[in-house]
Amino acid sequence: MKNIIVLVSGGGTNLQALLDAQDRGEIKNGKITCVISSNPNAYALTRAANHGVETEVIRRRDFAAFDDYDAALTALLQQKNADLIVLAGFMTILGSRVIRAFENRIINIHPALIPSFCGEGYYGLRVHEEALKKGVKVTGATAHFVNEICDGGPIIIQKAVEVRSGDTPAILQKRVMEQAEWQILPKAVALFCEDKIKVTDGITEILD
Ligand code: GAR
């Protein structure tokens with residue numbers, strides 16, 4: 001059974017999708033054992049507590065140097081025996097220490113079809129604002145492994161979502177969450193826990 005640690009910062013709807021998938025028995029060889037938030041007021045912490053999942057808070061601003069924050073987060077994840085780390089709306093950039101310690105064991109959900117609308121500065125509603133500004137007719141979400149390039153790690157699953165005329169960033173965000181993120185993130189986690197994701201030279205292959 002793989003130990004899954006979920007990192008959050010906000011509302012936690014992707015965390016909820018993971019907890020619901022776990023309750024439905026869809027994450028066969030894994031269990032969410034801890035939720036770590038970068039924000040003590042995140043509603044995601046309430047969702048975790050309601051589910052009886054242990055919570056921790058670690059804030060970037062409590063460390064003078066970024067390297068100390070990176071070391072503390074790495075140590076916390078090691079102490080919790082993380083097999084898989086899921087970034088579910090985690091808004092603090094990870095350092096190279098934690099990324100190297102958990103190579104191809106950190107999954108992020110990004111609310112666009114990478115390589116569009118991604119990289120530094122593209123998070124949350126901003127992503128949808130930029131998609132609407134560009135006038136794309138299709139957007140979506142991507143579940144991917146995390147490497148040292150922001151939003152640049154191996155892609156696991158993508159799902160497209162249509163953009164409709166009259167969309168606002170908030171309306172589009174909601175559609176992308178409902179039709180893509182909440183489906184593909186639990187699916188990617190389930191595949192990982194069943195050892196069904198093979199990574200070769202930065203490209204993933206889903207094994208049957
Ligand atoms: C989600 O849309 C997630 O894809 C996005 O933040 C939102 C968090 O919502 N993540 C990023 O933009 C990361 N670059 P949630 O807290 O309700 O899951």
Side-chain angles (χ1 to χ4, degrees), residues 4-22 27 32 34-51 53 55-60 73 84-95 98-99 106-134 136 138-163 167-189:
I4 305 167
I5 312 273
V6 185
L7 271 54
V8 296
S9 298
T13 64
N14 279 287
L15 167 67
Q16 191 66 53
L18 289 167
L19 292 166
D20 293 347
Q22 177 172 279
I27 300 176
I32 298 166
C34 185
V35 169
I36 301 176
S37 179
S38 62
N39 162 16
N41 301 315
Y43 184 67
L45 289 170
T46 305
R47 294 182 192 271
N50 287 344
H51 238 85
V53 177
T55 60
E56 297 275 350
V57 173
I58 181 164
R59 294 194 299 182
R60 165 68 188 91
L73 180 60
L84 171 64
I85 297 151
V86 182
L87 308 186
F90 189 63
M91 297 304 178
T92 306
I93 296 275
L94 293 185
V98 71
I99 292 170
I106 307 175
I107 293 177
N108 180 47
I109 183 74
H110 183 75
L113 295 173
I114 289 174
S116 289
F117 310 112
C118 66
E120 244 168 88
Y122 284 90
Y123 56 86
L125 263 191
R126 264 268 297 149
V127 177
H128 304 292
E129 280 165 16
E130 292 303 315
L132 289 175
K133 246 191 238 167
K134 184 67 195 172
V136 292
V138 174
T139 184
T142 304
H144 66 95
F145 284 118
V146 171
N147 67 9
E148 291 190 53
I149 301 160
C150 184
D151 296 327
I155 291 168
I156 305 167
I157 311 179
Q158 294 187 296
K159 189 159 187 281
V161 173
E162 71 167 341
V163 179
D167 273 354
T168 63
I171 290 170
L172 184 57
Q173 179 183 51
K174 185 163 177 280
R175 190 179 311 120
V176 168
M177 283 176 156
E178 287 172 353
Q179 296 184 5
E181 296 182 46
W182 301 342
Q183 298 173 24
I184 68 173
L185 183 61
K187 177 86 188 141
V189 167

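Numbering of ligands and ligand atoms starts at 1, following listing order. Note that the structure is a prediction, hence the values are computed from the model and not measured.
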Side chain, backbone, both or neither: which part of Phe90 comes within less than 4.0 Å of ligand 1 when only heavy atoms are counted?
->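 Under 4.0 Å from ligand 1, Phe90 contributes no heavy atoms.
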
Is there a heavy atom in Arg126 that sits closer than 4.0 Å to ligand 1?
->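 No, that is not the case, since the closest heavy atom of the residue is not under 4.0 Å from the ligand.
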
So is Gly12 close enough to ligand 1, meaning a heavy atom under 4.0 angstrom away?
->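 Within the 4.0 Å threshold, so yes.
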
Name the option, out of Gln173, His128, Glu181, that contains the heavy atom nearest to atom 1 (C) of ligand 1.
->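 Going through Gln173, His128, Glu181 one by one, Glu181 has the nearest heavy atom to atom 1 (C) of ligand 1.
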
Can you figure out which of Ile93, Leu87, Leu185, Ile109 has its heavy atom closest to atom 13 (C) of ligand 1?
->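 It is Ile109 that holds the nearest heavy atom.
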
Which of the numbered atoms in ligand 1 are under 4.0 angstrom from any heavy atom belonging to [X]?
{"X": "Tyr122", "value": "14 (N)"}
{"X": "Met177", "value": "1 (C), 2 (O), 9 (O), 17 (O)"}
{"X": "Gly124", "value": "11 (C), 12 (O)"}

Under-4.0 Å salt bridge between Lys133 and Glu129 |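 Looking at Glu129 together with Lys133, the answer is no, because their closest N to O distance does not fall below 4.0 Å.
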
Under a 3.5 Å distance rule, please check whether [X] uses its side chain to pair with a backbone N or O of [Y] as donor and acceptor.
{"X": "Thr139", "Y": "Ala112", "value": "no"}
{"X": "Asn14", "Y": "Ala88", "value": "no"}
{"X": "Arg126", "Y": "Gly121", "value": "yes"}

Partner set under side-chain contact (heavy atoms from CB on, under 4.5 Å) for Asn147, not counting sequence neighbours |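 Here the qualifying residues are Ile149, Pro154.
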
The side-chain contact (heavy atoms from CB on, under 4.5 Å) partners of Ala160 (sequence neighbours excluded) come to Leu113, Val138

